[in-house]
Amino acid sequence: AASKFQVPAGPRKQMAQFIRKLVELLETAPEDVVSWTRNGTAFRVHNQKAFASVLGKHFRSNQLNNFVRQLNFYAFQKLNAPGSFGSLEFSHPLFRRGQWDTIQQIKR
């Protein structure tokens with residue numbers, strides 16, 4: 001059962017739609033599929049196949065390559081995480097879990 005997480009109303013108004021949906025996805029998706037890293041400074045896709053169905057619930061496309069292209073538009077960096085065979089990790093200097101004041105500054 002997905003929780004009903006929502007970005008707080010103030011930052012929500014300022015946030016790019018893609019970024020808002022990304023946060024909502026990360027806060028509600030199964031943690032074995034995609035999750036924030038432990039320190040909240042990046043997120044990791046653990047299971048690419050299962051992630052496609054999660055994407056479809058939040059975005060128009062369930063294609064991983066479309067999602068990655070969007071991340072690139074917003075200047076996210078793909079990280080080579082140690083010991084992450086088969087998983088993908090992405091970060092952005094302003095994308096920090098729960099830090100709405102910086103997250104809302106992320107623009108295309």
Side-chain angles (χ1 to χ4, degrees):
S3 68
K4 293 282 181 231
F5 175 87
Q6 274 204 327
V7 172
R12 186 183 171 90
K13 287 202 226 15
Q14 307 298 323
M15 224 176 264
Q17 185 182 33
F18 173 81
I19 299 298
R20 176 181 57 77
K21 287 181 170 186
L22 174 58
V23 170
E24 290 171 352
L25 180 156
L26 289 172
E27 295 294 348
T28 58
E31 286 191 0
D32 59 337
V33 175
V34 60
S35 66
W36 288 97
T37 54
R38 195 170 289 125
N39 58 8
T41 60
F43 70 92
R44 186 179 288 177
V45 176
H46 305 286
N47 181 329
Q48 294 182 33
K49 194 169 271 171
F51 186 60
S53 65
V54 172
L55 274 179
K57 294 185 181 117
H58 293 268
F59 297 99
R60 282 194 297 268
S61 169
N62 66 357
Q63 299 293 312
L64 182 62
N65 55 355
N66 290 349
F67 175 73
V68 172
R69 190 176 311 125
Q70 286 293 317
L71 290 173
N72 291 335
F73 282 137
Y74 287 92
F76 277 76
Q77 301 288 312
K78 185 169 182 255
L79 306 174
N80 289 321
S84 63
F85 179 76
S87 68
L88 300 169
E89 196 168 306
F90 298 93
S91 74
H92 186 292
L94 298 174
F95 196 67
R96 300 288 180 263
R97 188 174 196 174
Q99 296 187 14
W100 309 119
D101 52 336
T102 60
I103 292 175
Q104 71 190 23
Q105 296 169 33
I106 302 173
K107 305 291 183 212
R108 276 180 76 142

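Everything quoted here is computed from the prediction, not taken from an experiment.
- Here the shortest heavy-atom pairing between V34 and A29 reads CG1-CB, 3.5 Å.
- Aromatic pair F43/F90: ring centres closer than 6.0 Å.
- Closest approach of V7 to F5, counting heavy atoms only: N-CE2, 3.8 Å.
- The closest side-chain heavy-atom distance from S87 to V45 is not below 4.5 Å.
- Using a 4.5 Å cut-off on side-chain heavy atoms (C-beta onward), V54 and L25 make contact.
- Under the 4.5 Å side-chain criterion, counting only non-hydrogen atoms from C-beta, K78 is in contact with L88.
- F76 is not listed as a side-chain neighbour of N72, based on a closest heavy-atom distance of 4.5 Å or more.
- Between T37 and T41, the shortest heavy-atom contact is OG1-N, 3.5 Å.
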Please tabulate, for the side chains in residues 100-108, all donor-acceptor contacts under 3.5 angstrom to protein atoms that are two or more places apart in sequence or on a different chain.
unit_1, atom_1, unit_2, atom_2, d
T102, OG1, L94, O, 3.0
T102, OG1, Q99, O, 3.1
Q105, NE2, D101, O, 2.9
K107, NZ, Q14, O, 2.5
K107, NZ, Q104, O, 3.1

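- Residues H92 and A75 share a closest heavy-atom pair of CD2-O, 3.5 Å.
- A ring-centre distance under 6.0 Å is not found for F18 and F73.
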Which atom pairs, one a donor and one an acceptor, fall under 3.5 Å between side chains of residues 58-66 and the rest of the protein, sequence neighbours left out?
unit_1, atom_1, unit_2, atom_2, d
S61, OG, Q63, N, 3.0
S61, OG, N66, ND2, 2.9
N66, OD1, R69, NH1, 3.2

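- Pairing each heavy atom of A42 with each of E89, the nearest pair is CB-OE2, 4.0 Å.
- For residues 9-20, the salt bridge (charged side-chain N to carboxylate O under 4.0 Å, His left out) pairs, not counting sequence neighbours, are R12-E24, R20-E24.
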